[in-house]
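Read through the structure below, which is laid out as structure tokens, and then see the notes.
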Amino acid sequence: MTPVVDGRPLRIALLGCGIVGSEVVRLLHDSAADLTARIGAPLELAGIAVRRPQRVRDLPVDPGLFTADAAGLVERDDVDIVVEVIGGIEPARALVLSALRRGRGVVTANKALLASDGATLYQAARSFGADLYFEASVAGAIPLLRPLRESLAGDRISRVLGIVNGTTNFVLTRMDETGAGFDEALDEATALGYAEADPSADIDGFDAAAKAAILAGIAFHTRIQVDQVHREGIADVTAADVASAAAMGCTVKLLAIAERSETDRSVGVRVHPAMIPRSHPLAGVREAFNAVFVEGAASGELMFYGRGAGGAPTAAAVMGDVVAVARNLLSGARGAGESAYADLRVRPMGETVTRYHVSLDVADKAGVLANVASVFAAHDVSIRVVRQEGHGDDATLVIVTHAATDAALAATVAALRDLDIVRAVASVMRVEGQDR
Ligand code: HSE
């Protein structure tokens, strides 16, 4: 790559000026002198693509920079770096590809795009000698992708386990701390501005699944697309589940988990609610915060914690990438590209080894426990804990298993539903973060 001429400003095309884009504009303005000193050349906005350029915005920037012509802005010869904070697949995908094909460095916060079509973007970056950075796409301000990609590149990662969605963590925190039901907790999250008007991307786990795909791809040097991530959201988590978790010394979290298996060179990637012990470091991650636990063969356990969403925290991650790309442009270097050499098999959820917490409504009479236990035994699932609470002639039977494949556990639950003595399977939830 030919270095850009020393001293001239590096020019940025900003695509999108919403919550994150506005903060990028502010940081560029407020930290201009420091950024120049850190990079060795000033950064300058070449233009800002928005849907309504005439809208009055309270930003420290020349209003003449706003344009509705995002494609035209990307094509301009005086642009060095393209920052994409529009989100969604199109037009972001076409704009990012156009920028990469022109050899422009690209910084994007777009998790949906990376998780669904990252391979195409990486390929374009490689073919046209361009940088592609996306730290802000996962867990906002928390430095996570660069540590995985660079600081830990000498280690073998075995597991990535995290809370990567702030909205759902806020809802589950409220349910845990106040006993609120899901709807009530979601209403509070919406009133406080955490949840979107349509919160399904968060609540149903799509947002976390995209982040899990990106994290797993980098951690395990394997291409992973979002549709390979097993996904369950939190809409079915009840106050009774949360109370049952509390009775076991656990709390419920929406976890993103990516695990490598050494035995068959595979990786499993999943997002689902799970009970974790209150003693686990992730249990103390409250409200809208994110945290990711990484286990490396040599480095051991690492935890990354901080604000995973919001304008300023996400813009901070974007600006870190802008500085990296700018430095590369000045030195004629390029950042790390895709590393997918390991090409591990992505295993289906049924093969994943996990543990279940099962709560059953049963009749309180002789033989019930033995019958229930025999169903577990028939599926080769070992029981770890049994707890019973009587209510007159009925009882709630809570069973926690030892580790087994998800397929065996799911088949056990299906067989329990068919038992006459089981009035209802009140809840089924996986248990994580305990020794197996
Ligand atoms: N909606 C996400 C969250 C933030 O609640 O964490 C953006 O990824």
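Positions are given from 1 along the sequence.
- Using modelled atom types, one side-chain atom of R278 and one backbone atom of C250 make a donor-acceptor pair closer than 3.5 Å.
- Evaluation of the side chain to side chain donor-acceptor pair (under 3.5 Å) test over residues 138-154, restricted to residues two or more places apart or in two chains, returns R146-D321.
- Contact of the V74 side chain with the V79 side chain is not registered, since no non-hydrogen atoms from C-beta on lie closer than 4.5 Å.
- Looking at D406, its side chain never comes within 3.5 Å of a backbone N or O of T352 through a donor-acceptor pair.
- Counting all heavy atoms, side chain and backbone alike, A239 lies closest to G179 at CB-O, 4.0 Å.
- In this structure, the side chain of T222 does not engage the main chain of A342 through any donor-acceptor pair within 3.5 Å.
- The line from CG of L43 to CG of L28 is 6.0 Å long, rounded to the nearest 0.5 Å.
- Around CG of D30, the count of heavy atoms belonging to other residues, nucleotides or ligands within 6.0 Å exceeds 12.
- With values rounded to the nearest 0.5 angstrom, C17 atom SG is found 12.5 Å from R51 atom CZ.
- A donor-acceptor pair under 3.5 Å is absent between the side-chain atoms of R231 and the main chain of V271, judged by distance alone.
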Taking it one step at a time, do E184 and R174 satisfy salt bridge (charged side-chain N to carboxylate O under 4.0 Å, His left out)? CA-CA 9 Å; E184 195 188 328; R174 278 291 180 272; over 6 Å; no
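- Put simply, the side chain of R38 reaches to within 4.5 Å of the side chain of R327, judged on heavy atoms.
- Residue I421 places its CD1 atom among more than 12 non-hydrogen atoms of other residues, nucleotides or ligands, all under 6.0 Å distant.
- Checked by atom type and distance alone, the side chain of R101 never pairs as donor or acceptor with a backbone atom of F128 at under 3.5 Å.
- Few gaps surround CG on D264; more than 12 heavy atoms of other groups in view lie less than 6.0 Å from it.
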I would like to know whether D361 and T396 meet side-chain contact (heavy atoms from CB on, under 4.5 Å); could you show each step before the answer? CA-CA 5 Å; D361 294 338; T396 300; 3.8 Å; yes
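- Nearest approach of L145 to E135, heavy atoms of both residues: N-OE2, 2.9 Å.
- V237 places a side-chain heavy atom less than 4.5 Å from the side chain of M429.
- The shortest side-chain heavy-atom distance between F66 and V61 falls under the 4.5 Å cut-off.
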Would you check, one step at a time, whether the test side-chain hydrogen bond (donor to acceptor under 3.5 Å, both in side chains) holds for D241 with S244? CA-CA 5 Å; D241 292 330; S244 194; over 6 Å; no
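- A donor-acceptor distance shorter than 3.5 angstrom exists from the side chain of E84 to the backbone of G87, with no hydrogens or angles considered.
- Salt-bridge annotation for R270 and E259: present, with a side-chain N of the basic residue lying under 4.0 Å from a carboxylate O of the acidic one.
- Contact check for L416 versus F376: side-chain heavy atoms found under the 4.5 Å cut-off.
- Proximity of a side-chain donor or acceptor of E90 to a complementary backbone N or O of A94 within less than 3.5 Å is detected.
- A donor-acceptor pair under 3.5 Å is formed between the side chain of R104 and the backbone N or O of R102.
- For the residue pair D69/T67, the side-chain donor-acceptor check at 3.5 Å is not satisfied.
- Here the CZ-CG distance, from R387 to L397, works out to 10.0 Å after rounding to the nearest 0.5 Å.
- Taking the side chain as every heavy atom from C-beta outward, I234 and M175 never approach each other to under 4.5 Å.
- Looking at every heavy atom in both residues, G88 comes nearest to L113 through O-CB, 4.3 Å.
- Using a 30° and 60° split on the angle between ring planes, Y122 and F134 fall in the perpendicular class, above 60°.
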Hey, mind stepping through I48 and L59 against side-chain contact (heavy atoms from CB on, under 4.5 Å) and telling me if it holds? CA-CA 12 Å; I48 306 172; L59 287 174; 5.9 Å; no
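- In this structure the side chain of T251 reaches within 4.5 angstrom of the side chain of I276, judged on heavy atoms.
- No donor-acceptor distance shorter than 3.5 angstrom exists from the side chain of E351 to the backbone of T405, with no hydrogens or angles considered.
- For the pair R286 and D176, the salt-bridge criterion is not met [side-chain N within less than 4.0 Å of a carboxylate O].
- One N or O on the side chain of H280 and one on the backbone of L282 form a donor-acceptor pair closer than 3.5 Å.
- Expressed to the nearest 0.5 Å, how far CG of L45 lies from CD1 of I81 amounts to 10.5 Å.
- Stacking of R159 on the aromatic ring of F293 is not recorded, the 6.0 Å distance cut-off and the 45° axial limit not both being met.
- Expressed to the nearest 0.5 Å, how far CG of L10 lies from CG of L329 amounts to 6.0 Å.
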Could you check T401 against R384 for side-chain contact (heavy atoms from CB on, under 4.5 Å), going step by step and ending with a plain yes or no? CA-CA 5 Å; T401 71; R384 176 180 164 130; 5.9 Å; no
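- No side-chain heavy atom of N290 sits under 4.5 Å from any side-chain heavy atom of N169.
- Looking at every heavy atom in both residues, L14 comes nearest to G21 through CD2-O, 3.8 Å.
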I203 vs T168, side-chain contact (heavy atoms from CB on, under 4.5 Å): CA-CA, chis, key distance, verdict: CA-CA 6 Å; I203 296 306; T168 47; 4.1 Å; yes
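- Residue A13 comes nearest to L73 through the heavy atom pair CB-CG, 3.7 Å, listed as atom of the first residue, atom of the second, then distance.
- Closest of all the heavy-atom pairs between A109 and V85 is CB-CG1, 4.2 Å.
- Taking the charged nitrogens against the carboxylate oxygens, K253 and E432 have no contact shorter than 4.0 Å, which rules out a salt bridge.
- Within the model, atoms CG of L215 and CZ of F220 stand 9.5 Å from one another, a figure rounded to the nearest 0.5 Å.
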